[in-house]
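What follows is a short report on a single structure.
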Amino acid sequence: MAKTNLQFKTNYAVSSKIEPFYKGGNVQVSKDENYIFCTCGSHVNVLEISTGKIVHSVEHDDQEDITSFALSCDDELLVTASRALLLKQWDWRQAQCTRSWKAIHTVPVASMTFDSTSTLLATGGCDGTIKLWDVVKQYCTHNLKGSSGVVHLVQFHPDINRLQLFSSSLDCGIRLWDLRSSQCVCVLQSHYSAVTSLTFSSNGATMVSSGRDKICTVWDLKTRKAKRTVPVYEAVEGVVLLPENKDFSQIGVKSKDLHFITAGSKGVLRVWEASTARCVYTQTLPSSTLSSASEDEEEKDGDPRSLTYLLHLPTSSRLATVTAEHNIMLYQLLDLTTQQQFVGYNDEVLDVKFLGKGDSHIVVATNSCQLKVFELLTNSCQILYGHTDTVLSLDVFKKGSLFASCAKDRSVRVWHMDSDSGHVRCVAQGSSHANAVGSITCSRMKASFIVSGSQDCTVKVWDLPADLSATGTGIHQLTAHTTEKAHDKDVNSVAVSPNDKLLASGSQDRTAKLWSLAGKGNLGLLGVFRGHRRGVWAVCFSPVDQVLATSSADGTTKLWSLQDFSCLKTFEGHDASVLKIIFVSRGTQLLTSGSDGLVKLWTIKTNECVKTLDAHQDKVWGLHASHKDDKMVTGSADSNITVWMDVTEEELAEEQAKQEDQILKQQELSNLLHEKKYLKALGLAISLDQPHTVLSVIKAIRQGEDSHELLEKTLLKLRVDQKESLLRYCVVWNTNARNCLDAQAVLQVLLTHLPPEELLQYQGARTHLEGLIPYTERHMQRIGRLLQASMFLNYMWQKMRVAGAPSSMGHDEEMDTTPLEQTTPFFMIDKEKGKGSSEERLGDGGDDSDSGQDEDPHSPVEKEDEEEDNEVSVTKKASTSDGRVENGESTRTNGNHQSECEESSEEEDIEQDDKDQIKTAKCLPVSSAPQTYAS
């Protein structure tokens, strides 16, 4: 029995992943043209062009989205801006932040750029201001005001001796700033919509601007006037001037006049002659099947091919474009032919299959009309055009060079991959379904037919020509030789048996059916499989037995006999719909994927789940095994594609040993905390390199008696490398208001007892300390506002008296602070005393507008406080019923006053100027306070 188990698969390990690396925003190419920098949420990812892999990635600790970034012209400095209004300077090769500082902008930075010397950085904000920074001497050199609205474009003149900066904002003008005088010397007016890009001639005397108003303007920078307005009949997102003294005859350049290339909403590159305003060349789209009318319609609704960026790579004579679907394309400049393609974001992955010799490629259907073919070794991608609506399903023929696709456009297509070049082209298509085609399957023995299932409840069989690869560049038109109304509802899945004689179909009508393919002209119904309580998502034939597997939205997978159509086995384990099912291990095991994000491995004989893989965070629509059965690929609605390798027993044992070691260390850590052996517990937590675990130890230390002395004693006994890690963790903790007190407590010990010389020896110490400053200032501002509010409460308390007390009670008399009896249900405000006292104090200074409480209502700190208050009130994670407030502030519950807190507050007030307390009291008049308080 043990020998039999050895042939079964027991586990899969991740071999590689294709993950989103670009979700929109800025894109920049390094000067050496080896890397592409692009934003993805809170990351800036660095893509190596030669390998197509992400080699570096920088991320903001605060998890805030990056709004803009800029790479210096010498490729040394990377500066990022986030919604937290921080600018960070990075050593991007080491993924280390070398400096961070406040952006000064009151709202996020929308654009930024370096000058040609890599010393000046310009940032354009959503607040309508532009700020210039000397990144070497580290100070702000200019604050340029006058733009209206968001400054979405800033660019230095390439001749640094001119000290000129160009900018554009919502008023559609191009402002020219003289940096010597910090003045706007002129506004170039030509565009009536957003200006998207600027490009300069080699001598710096001519500039071309592009806009979404479908024009490009050629400017004479000496006279600062427009020389020529070129209508381009599309919203232009990027423009590049063609280099001089080069032969561009292949793209229509016949003269030495000024020529430029545009990229925009039509999704093609076009070459224009500036002197005649004439388009001399238009790039040809690959496999275009759209008519001109449909192109216009798509442009209006947002063509996925439309281009959003155009970048020039002068050293290698290439162009880089970015599409609306976040694909990055590289073209040869001489003939505008495609050289490389990278997919930044896949959206929802609907199906995925291995492809090519040795399963070297995968073909992916995403929530798009385009197909993507990835080479697994380099991650380079071919984007296949042909379908006009979302592609829903894929299947591959036995040899792996042919595959079929179907889509919502009611059509099916057959594609061929050249074994030598790897180039994929469409060789056949057919369309006769009345609704979206949701499933497709290929013949198993040889490439003789395909079968499609549609939402029109029919199944169609399409015959293929004998040799599709010999049809040349033309596309063969397919005709369905058999059409059968197979089900009462949508056909979700179809599958062909290994001998090409049987067909299975699964439907939303909760049934699966078996058909005979032997007859000519019609499908013969052999039987119906009934038993699922909800729609059938997938059907699959066993490669060795007379068995059919089905999976359903009822969360079950069933095995059926092909002889009597009875249910042989039922597998239950998924919490939701089972979307895909395949046989592995020569038909002895099953792989299933579900909408719960799990992939499960089942052994049929024992009817047990051998392994559950937490593969994805969303529905796993794609599941396919390689021809050698040594790996599988999954694709999910979370946009990720994962290739898995079958691992051996030894590899599995090693992985389990690591997991068990982690569990043992966690248990040991729990025991050490229980025994209050904090030094060992802290050392163990740091060795695990888990900041959250270390934080839990710090919190445990601070909860005990004499917490400060205990924390100080424990931290100072740590090794130097452990203190270094602790400092790094503090930077992360300090970004969260809930953990800032613990971070500050640790920092107080480290900064108090360690000499600066030792701290500066820590790796990245300067960066960590700079990262602490802005958030520490934010926490101090919050505490300051809390102190001011508590001082007013103290003032109000002094003006309140028990109902019925003599009105002649002096202002300085000490009030009775004992709890009220039930016979005294209210506190009353002495309005006369409050009024008199208020008049006396206001008589000296009147309305004091500099009391320190007036703050910008749009301040991000205020918004953060409001969000934190809302989070506490909604989630109820913070305890507010025990009358405790951090930082020693006093609170009251049901009118009870804590005299100790009052005495402490009075002692602190002695150290302050009396005028500060008066100003704080004046911020809210006594007359606006409620006159009664419930007991």
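Residue indices begin at 1 and follow the sequence shown. What you see is a predicted model; the values in this text were computed from it and never measured.
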So, [X] and [Y]: side-chain donor and acceptor under 3.5 Å apart, yes or no?
X    : Y    : result
N346 : S639 : no
N734 : Q744 : yes
S368 : E325 : yes
S68  : S111 : no

Could you check whether atom [atom1] of [X] has more than 12 heavy atoms from other residues, nucleotides or ligands sitting under 6.0 Å from it?
X    : atom1 : value
Q189 : CD    : yes
Q763 : CD    : no
K699 : NZ    : yes

Under 3.5 Å: donor-acceptor pair, side chain of [X], backbone of [Y]:
X    : Y    : result
S147 : T129 : no
S57  : A95  : no
E64  : A84  : no
N367 : E348 : no
S636 : K619 : yes
S169 : S148 : yes
H152 : V195 : yes

Check each of L120, L78, L77 against F114 using the side-chain contact (heavy atoms from CB on, under 4.5 Å) test, and report the only one that passes. L77
Run through V107, I104, V109, V151 and flag the one making a side-chain contact (heavy atoms from CB on, under 4.5 Å) with D127. V107
Going by an N to O cut-off under 4.0 Å, is there a salt bridge joining K372 and D347? no
If the plane angle is over 60° it's perpendicular, under 30° parallel, otherwise tilted; pick one for H60 and W90. tilted
For the pair W92 and H56, name the ring-plane relationship: parallel under 30°, tilted 30 to 60°, perpendicular over 60°. perpendicular
[atom1] of [X] to [atom2] of [Y]: how many Å apart, nearest 0.5 Å?
X    : Y    : atom1 : atom2 : result
T196 : H191 : OG1   : NE2   : 7.5 Å
D65  : T39  : CG    : OG1   : 9.0 Å
L772 : L727 : CG    : CG    : 6.5 Å

Which heavy atom of [X] sits nearest to which heavy atom of [Y], and what is that distance?
X    : Y    : result
D32  : D75  : N-OD2, 3.1 Å
V349 : N640 : CG2-O, 4.3 Å
C381 : V343 : SG-CG2, 3.3 Å
M112 : V79  : SD-O, 3.5 Å
C40  : N45  : CB-ND2, 3.5 Å

All ring-ring contact (aromatic ring centres under 6.0 Å, His included) counterparts of Y729, not counting sequence neighbours: none
Taking side chain to side chain contact (heavy atoms under 4.5 Å, CB included) as the definition, give me every residue that meets it alongside T199, ordered by chain and number, with sequence neighbours left out. V208, V239, L241
